[in-house]
Engineer: 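Pasting a structure below so you can have a look.
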Number of protein chains: 2
Amino acid sequence: MDLNPRKLRILRAIVDEYILSGAPVGSKVLSQNPSFKLSSATIRNEMADLEDLGYLEQPHTSAGRVPSDKAYRLYVNNMMQRSNLTEDEVKVMSAYCQNKVKGLDAVMRETASVLSNITHYTALVMMPESGTNRLRHLQLVPLAEGYALVVVVTDAGVARDSVIHVPADMGADELDRISRSISQRYYNCRMVEVGERMTREMAMELQERGTFLTDLVDTMESAPGANAHRIALSGANNMLDYPAYSDIDRARQLLAAVEKKDSMYRLLKNAGPFEICVKIGSELGQDIFSDCSLVTATYRIGSMPVGTMGVIGPTRMPYGKVVSVLDYMSKSLGSILTNLLEED
Amino acid sequence: MDLNPRKLRILRAIVDEYILSGAPVGSKVLSQNPSFKLSSATIRNEMADLEDLGYLEQPHTSAGRVPSDKAYRLYVNNMMQRSNLTEDEVKVMSAYCQNKVKGLDAVMRETASVLSNITHYTALVMMPESGTNRLRHLQLVPLAEGYALVVVVTDAGVARDSVIHVPADMGADELDRISRSISQRYYNCRMVEVGERMTREMAMELQERGTFLTDLVDTMESAPGANAHRIALSGANNMLDYPAYSDIDRARQLLAAVEKKDSMYRLLKNAGPFEICVKIGSELGQDIFSDCSLVTATYRIGSMPVGTMGVIGPTRMPYGKVVSVLDYMSKSLGSILTNLLEED
DNA sequence: CTTTAGCACTCCGTTCCTTTGAGTGCTAAT
DNA sequence: ATTAGCACTCAAAGGAACGGAGTGCTAAAG
């Protein structure tokens, strides 16, 4: 089923042209391309073959051909070449977030924003999910009687706030004592360990205090994971640009789909921790995205992959460009995070 | 320029009908309404008058009439009656957020979400801007050398995180000492005061420490104000439902406009701290919203107004319903916040 | 055996025209 | 003052005609 070189060249030209123009491409335009010394008739024959092989589709009998998902797959695997980034693009990407120190949330949001601005598609950035965050500080702040605010600070610089019940007789002093004790005892422990160690080592107190400490452990365990399943989303509107065959209904559905963050999270997660991954149309496994592609890249803290970012747009996106951008941005975000967080 | 009772009745019927159907209303449908014992001809005459007076508009010579902004204004001021909420609606609105204790952010987000779900329009909820938040705790957490994370906890249960520079020689102990000292000294002070008092009372240290303390003061001052200018937005997509005369371009512009949060913030702010306020079309002062209306309500903590929530949708929205919903929700949010925060 | 020129055919998108029907304004009768 | 009646307007929907881009096939040329 392998294609001869000429078929490959033609297929590639078709994909390139279609990505550029968005209109079905006919044999004539290709034959006019000086790099082919073939008549349109010859090209037509080849195109017919390519269609039989499942690489091309015809919207209507008398229209040009459009690449199928299979063609894009081949294109991305074997033909695509990363495009060089323009100076402007590099400038934008390298400038962002560089000079100011910011919270993790802000960094992620800005990353997504830059991504969507440069690509003009919708950008998704998964929060880092390092089980390796280390505890910096725990503070229980008394609220109304029976409630306390739990502030967990990790080296990820994130202070997530949530509220737990505490025994009514537990005063501010007691809460402070506990905070300090836990902070000291588990200082610099990875969050994944803190939970188990607390359950183990504080078994005695655990029983005395009823549910309080177990609640606290739960809260703390989910604290670094509070980032889990969270993503930053930017440029959802860009979805509206795309359906050129635009009926507003489809646009609405797309928008709605994109804004379901947990479903988007799964999409990113499914793409796996590969350096760069491209999922095309049907490969995404969701009808609504059947003519969308998702390009993802994994970013690292130090050498450990901790999250995925991606861009979702029409299948006819300029893959070379998008891949280059994601490659750059994932490394950029990685180094920002690494600088920001890791000085263990 | 006052209208006789019959004109009023007719105008009202037109507005009601148009809000319901969305199509220009003609004289015939009105004459069929049994509550008028008039022929369509008579009604036509009245409608012509109403048009001359600026209450009605004709999309085309031979179409029915459509209410003008002026008509909506009259309607809202004098004719509209709040509609009763359905059981289901009340159930949804009273159930939300009630059983779980959550952070402020989550409460605001859910409020917006409920609002947009019930009304099917776009909901905006301004973060509470009480200058009355009181300091609970300040914690400086050392990060990399020269950086510290500032965690400010107020009785609003919010821990906002931001990073400041600190002198390189300032260690964890020193930071801890400062944290504790400030926390104690200004415990339960209103945040608006903390800033000035610190600048005043710590003038000496201020000079020694260079920019560190001024940075800290800035950060703390903006901490409760970090909520300022922030809004929760929900249901922006619903904008797409609305332009029935839907060209996708206009939809895009609307979406883009709605997602400019600072501009939306100003809109809410401009509506002022009234119990309920309705701005119709041109009254919003933005061309893009010329056929939208904004209904806002103010919510309170205790008896003090601290924020505004609103719903933005087409001018032909069912005002009675929307006003009822906003009235209910603003009170509901108010009591949630009051319970959550105020036990001074 | 491969390539190409030529031709008939298909079908989409556009334009232009007609029809339809809802709605109006005006006039004359009640 | 109200209403019936009528001529008029205009947007929206339907349909015919056309142009054009593109195809598939066949037969000739290389």
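Each chain gets a letter, A, B and so on, in the order the sequences are listed, and its residues count up from 1. A quick note: this is a predicted structure, and the numbers were derived from the prediction, not measured.
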Engineer: To the nearest angstrom, how far is B/E51 atom CD from C/dG23 atom C1'?
Structural biologist: 12 Å
Engineer: Apply side-chain hydrogen bond (donor to acceptor under 3.5 Å, both in side chains) to B/E51 and list each qualifying residue two or more places apart in sequence or on a separate chain.
Structural biologist: B/R65
Engineer: In terms of side-chain geometry, is the basic nitrogen of B/D69 or B/R73 positioned less than 4.0 Å from the acidic oxygen of its partner?
Structural biologist: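 Here B/D69 does not pair with B/R73 in a salt bridge, since their nearest N and O are not under 4.0 Å apart.
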Engineer: With a 4.5 Å heavy-atom cut-off, do A/V311 and A/T122 have their side chains touching?
Structural biologist: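 Side-chain contact under 4.5 Å: no.
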Engineer: Nearest whole Å is fine: how far is D/dG22 P from A/E57 CD?
Structural biologist: 18 Å
Engineer: Could you tell me whether B/R250 and B/D291 make a salt bridge, using a distance below 4.0 angstrom between a side-chain N and a carboxylate O?
Structural biologist: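 Salt bridge: yes.
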Engineer: Quick one: are A/I10 and A/K7 in side-chain contact, heavy atoms under 4.5 Å?
Structural biologist: no
Engineer: C/dT24 P sits how many Å from B/Q58 CD, rounded?
Structural biologist: 7 Å
Engineer: Establish, with yes or no, whether the OP1 or OP2 oxygen of C/dA5 is under 4.0 angstrom from a side-chain nitrogen or oxygen of A/R44.
Structural biologist: no
Engineer: Taking only side-chain nitrogens and oxygens of B/T61, does any of them come within less than 4.0 Å of OP1 or OP2 of D/dC10?
Structural biologist: yes
Engineer: Quick one: side-chain hydrogen bond (donor to acceptor under 3.5 Å, both in side chains) partners of A/Y72, sequence neighbours excluded?
Structural biologist: none
Engineer: Does a side-chain N or O from A/H60 land closer than 4.0 Å to OP1 or OP2 of C/dC11, or not?
Structural biologist: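 For C/dC11, OP1/OP2 do not have a side-chain N/O of A/H60 under 4.0 Å.
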Engineer: Provide, to the nearest angstrom, the distance between the CD atom belonging to A/E46 and the C1' atom belonging to D/dC25.
Structural biologist: 16 Å
Engineer: Ignoring backbone atoms, establish whether B/S39 has a side-chain N or O less than 4.0 Å from OP1 or OP2 of D/dT3.
Structural biologist: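 Yes.
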Engineer: Scan residues 16-31 of chain B against DNA chain D and write down, sorted by residue number, each residue with any heavy atom closer than 4.0 Å; if none is found, say none.
Structural biologist: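 Close to the strand, none.
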Engineer: Report the distance from atom CZ of B/R65 to atom P of C/dG23, rounded to the nearest whole Å.
Structural biologist: 11 Å
Engineer: Output the rounded distance in Å from CG (A/L38) to C1' (C/dT4).
Structural biologist: 10 Å
Engineer: Could you state the CZ-C1' distance from B/F36 to D/dT3, rounded to the nearest angstrom?
Structural biologist: 17 Å
Engineer: What is the distance from NZ of A/K37 to C1' of C/dT3, rounded to the nearest Å?
Structural biologist: 15 Å
Engineer: Check this one for me: any side-chain N or O of B/R6 less than 4.0 Å away from OP1 or OP2 of D/dT2?
Structural biologist: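 Yes, because at least one side-chain N or O of B/R6 sits under 4.0 Å from OP1 or OP2 of D/dT2.
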Engineer: Heavy-atom nearest nucleotide on DNA chain D for B/S62 versus B/A41: which residue maps closer to 5'?
Structural biologist: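 So the residue in question is B/A41.
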Engineer: Do we see a donor-acceptor contact under 3.5 Å between the side chains of A/S35 and A/N33?
Structural biologist: yes
